[in-house]
**Q** 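Got a structure for you, written out below as structure tokens; questions coming shortly.
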Amino acid sequence: MLTKLRVHFLANIGKVMTSDELREVAGKSEWARRVRELRSKEGYRILTHNDRSDLKPGDYLLENPKPEPKFQKSISKELRAFVLDRNGFTCQMCGAVAGEPHPYDDTRKTRLHLGHIVDKSQGGKDEASNLRALCSVCNEGASNLTLDRPTISKLLIQLRRAKREDQLEALSWLKSKYPENS
Ligand SMILES: [Zn+2]
């Protein structure tokens with residue numbers, strides 16, 4: 001099954017695929033987990049709308065047929081612990097807390113990963129200042145498919161109340177997501 005999906009992605013390099021299409025290839029209950037595995041275990045850089053502003057939610061795109069070695073390996077245990085601690089063991093996108101049921105899928109316990117703020121493909125480094133804690137849901141770009149989006153007024157209230165360093169982190173994330181507007 002995993003092979004089927006991998007073959008499908010590799011046969012469609014550079015072509016935007018929809019979740020419906022992938023569901024058909026890999027099966028209704030399995031496809032999302034398989035996409036996750038291709039990204040996290042096999043290192044394929046499958047892009048979603050979280051990575052590229054020209055992709056719609058539910059779009060998937062593989063541009064590079066060559067999987068990347070897992071970046072987590074180049075990050076030391078100490079650096080990982082430092083970033084998770086600094087971020088309060090909380091997903092910096094949705095606020096899910098490590099070990100607690102995930103707010104958008106309470107059948108899953110929240111697991112945190114490290115994500116790059118500025119993507120490595122854009123020169124981002126494996127440094128504390130460029131890393132943040134992300135839950136698996138946000139890390140896979142799946143959270144926006146299932147969650148209610150915050151209204152702009154709530155979003156701005158949160159941003160205005162946030163710590164300066166977090167505001168700067170939000171700024172640099174926005175710049176990396178919308179390079180054409182920065
Ligand atoms: Zn999250």
**Q** Locate the shortest heavy-atom distance separating Ala133 from Val83; write the atom from each residue and the value.
**A** N-CG1, 4.2 Å

**Q** May I ask you to decide whether Glu100 forms a salt bridge with Lys109, counting only side-chain N to carboxylate O separations under 4.0 Å?
**A** no

**Q** At what distance, to the nearest 0.5 angstrom, does NE2 of His8 lie from CD of Glu24?
**A** 9.5 Å

**Q** Can you tell whether the side chains of Arg45 and Asp119 come within less than 4.0 Å, N to carboxylate O?
**A** yes

**Q** Is there a path from Phe89 to Phe82 through hydrophobic residues (I, L, V, M, F, W, Y) whose side chains come within less than 4.5 Å of each other?
**A**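 Shared cluster, yes.
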
**Q** Going from CG on Leu62 to CG on Asn12, what distance comes out if it is rounded to the nearest 0.5 angstrom?
**A**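 Atom-to-atom, Leu62:CG and Asn12:CG are 9.5 Å apart.
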
**Q** Taking the basic N atoms (NZ, or NE/NH1/NH2) and the acidic carboxylate oxygens, is any pair closer than 4.0 Å for Lys15 and Glu21?
**A** yes

**Q** How far does CZ of Arg161 sit from CD of Gln167, to the nearest 0.5 angstrom?
**A** 11.5 Å

**Q** Please report the closest heavy-atom contact between Tyr44 and Pro65, naming both atoms and the distance.
**A** CE2-O, 3.4 Å

**Q** Indicate if Leu47 and Val35 have the same hydrophobic cluster label, given that clusters are the connected sets of ILVMFWY residues with side-chain heavy-atom separations under 4.5 angstrom.
**A** no

**Q** So which atom in Gln92 and which in Leu134 form the shortest heavy-atom distance, rounded to 0.1 Å?
**A**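 Heavy atoms only, the tightest pair is N-CD2, 4.4 Å.
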
**Q** Decide yes or no on side chain to side chain contact (heavy atoms under 4.5 Å, CB included) for Arg132 and Leu114, but give the supporting numbers first.
**A** CA-CA 5 Å; Arg132 60 177 176 168; Leu114 294 190; over 6 Å; no

**Q** Of the non-hydrogen atoms in Ile75 and Arg80, which two are nearest, and what is the gap between them?
**A**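 Minimum heavy-atom contact is CG2-N, 4.0 Å.
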
**Q** When rounded to the nearest 0.5 angstrom, what is the spacing between CD in Glu169 and CZ in Arg164?
**A**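 These two atoms lie 13.5 Å from each other.
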
**Q** How about Ser176 and Gln122: do any of their side-chain heavy atoms sit closer than 4.5 Å?
**A**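 The answer is yes; the side chains approach within 4.5 Å.
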
**Q** Under the side-chain contact (heavy atoms from CB on, under 4.5 Å) test against Tyr60, which residue among Thr18, Thr48, Leu55, Leu38 passes?
**A**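 That would be Thr48; it is the only one of Thr18, Thr48, Leu55, Leu38 passing the side-chain contact (heavy atoms from CB on, under 4.5 Å) with Tyr60.
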
**Q** Quick one: do His116 and Leu131 satisfy side chain to side chain contact (heavy atoms under 4.5 Å, CB included)? Show the steps, please.
**A** CA-CA 5 Å; His116 288 93; Leu131 292 167; 3.7 Å; yes

**Q** Could you pull out the closest heavy-atom pair between His102 and Thr110, with the gap in Å?
**A** CA-OG1, 3.4 Å

**Q** Determine whether Leu22 and Leu5 make a side-chain contact, defined as any pair of heavy atoms from C-beta on separated by less than 4.5 Å.
**A** yes

**Q** Evaluate side chain to side chain contact (heavy atoms under 4.5 Å, CB included) for Glu42 paired with Arg6, printing each intermediate quantity in order.
**A** CA-CA 10 Å; Glu42 302 196 24; Arg6 189 199 302 115; 2.8 Å; yes

**Q** Looking only at heavy atoms, what is the nearest atom pair of Ile117 and Trp173, with distance?
**A** CG2-N, 4.0 Å

**Q** Who pairs with Glu127 by side-chain contact (heavy atoms from CB on, under 4.5 Å), at least two apart in sequence or on another chain?
**A** Lys125, Ser129

**Q** Might you work through the side chain to side chain donor-acceptor pair (under 3.5 Å) test for His49 and Asp54, ending with a clear yes or no?
**A** CA-CA 7 Å; His49 68 291; Asp54 56 340; over 6 Å; no

**Q** Knowing that exactly one of Cys138, Cys91, Ser136 qualifies, which makes a side-chain contact (heavy atoms from CB on, under 4.5 Å) with Leu112?
**A** Cys91

**Q** In Å, rounded to the nearest 0.5 Å, how long is the span from CD of Glu63 to CD1 of Ile13?
**A** 9.0 Å

**Q** CG of Leu79 to CG of Leu84: how many Å apart, nearest 0.5 Å?
**A**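 One finds 9.5 Å between CG of Leu79 and CG of Leu84.
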
